[in-house]
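What you see is a predicted model; the values in this text were computed from it and never measured. Residues take their numbers from the sequence shown, with the count starting at 1. Values below: every heavy atom of this structure, side chains too, minus hydrogens, waters and symmetry copies.
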Amino acid sequence: MDSRPVGVAGVIQVWLPILTVVAGGVWGLFTYIEAQTAADQQRRIEQDKLERAREQDAQQPFLKKQLELYFETSQVIGKLITLDPSQGDWVSAETRYWALYWSELSLVEHEVVKKAMQKYAGALLGYKKTPNDASLQSLQDSTYNLAIALREGISSSWSSARK
């Protein structure tokens, strides 16, 4: 007598265990791939965070120096606008302004600060050449605009460093 199952029930009885094993294997593979993808994505996120942290650490000396020079520039132009040009402190402040303009500040300045420094230089030279009310007003306006540019430069540099 033949002990093989007959009909649809027989086919199901033979293939059901095989399909169950195959479906379980496919599900396990799918779960494994999904877990690996999630782990890879998490590793990339952590790597990006680490790279940003390293970049921020590397930028800190530059940003610190930039901030120091911006504050010093602000103090120098404040002296130039408030002191009498015949005083020795004014001459010292002017000398320091030109040193900042031609060297140190050029290394770290933001583009908006560079343009404001150039305009200020023109106003300063104009005031020295012809010290009158109009040239003083031009120097005062340039002083204010340079101070605003310094603030914008700080804001831009520090917000870029946080990204």
In this structure, would [X] and [Y] fall into the same cluster of hydrophobic residues linked by side-chain contacts under 4.5 Å?
X	Y	value
Leu19	Val14	yes
Phe62	Leu67	yes
Val112	Phe71	yes
Met117	Trp102	yes

Which atom pair, heavy atoms only, marks the closest approach of [X] to [Y]?
X	Y	result
Leu83	Trp90	O-CD1, 3.4 Å
Ile12	Pro17	O-CD, 4.3 Å
Asn145	Ala116	O-CB, 4.3 Å
His110	Ser156	NE2-OG, 3.1 Å

Rounded to the nearest 0.5 Å, how far apart are [atom1] of [X] and [atom2] of [Y]?
X	Y	atom1	atom2	result
Leu100	Leu69	CG	CG	6.5 Å
Ser157	Glu152	OG	CD	11.5 Å
Glu72	Glu68	CD	CD	9.0 Å
Asp40	Gln47	CG	CD	12.5 Å
Tyr70	Leu105	OH	CG	6.0 Å
Gln66	Leu107	CD	CG	11.0 Å

Neighbour count >12 (heavy atoms, 6.0 Å) for atom CD, Glu46
yes
Assess whether atom OH of Tyr144 is packed by more than 12 heavy atoms of other residues, nucleotides or ligands within 6.0 Å.
no
Would you call the rings of Tyr101 and Trp98 parallel, tilted or perpendicular if under 30° counts as parallel and over 60° as perpendicular?
perpendicular
If we only count heavy atoms from C-beta on, is the [X] to [Y] side-chain gap below 4.5 Å?
X	Y	answer
Leu80	Thr143	no
Ile81	Leu136	yes
Glu55	Glu51	no

Does a donor on one side chain sit under 3.5 Å from an acceptor on the other, for [X] and [Y]?
X	Y	result
Ser135	Asn132	yes
Asp133	Gln137	no
Gln60	Gln56	no

Note: Arg96-Glu104 ion pair, threshold 4.0 Å (strictly below):
yes
Looking at Glu94 and Lys79, is there a salt bridge between them, counting it only when a charged N and a carboxylate O are closer than 4.0 Å?
no
Check whether any side-chain N or O of Ser138 sits under 3.5 Å from a backbone N or O of Ala134 as a donor-acceptor pair, and report yes or no.
no
Is Thr37 reaching over with its side chain to a backbone N or O of Ile33, donor-acceptor style, under 3.5 angstrom?
yes
Tell me if the aromatic rings of Tyr97 and Tyr120 count as close, with their centers under 6.0 Å from one another.
yes
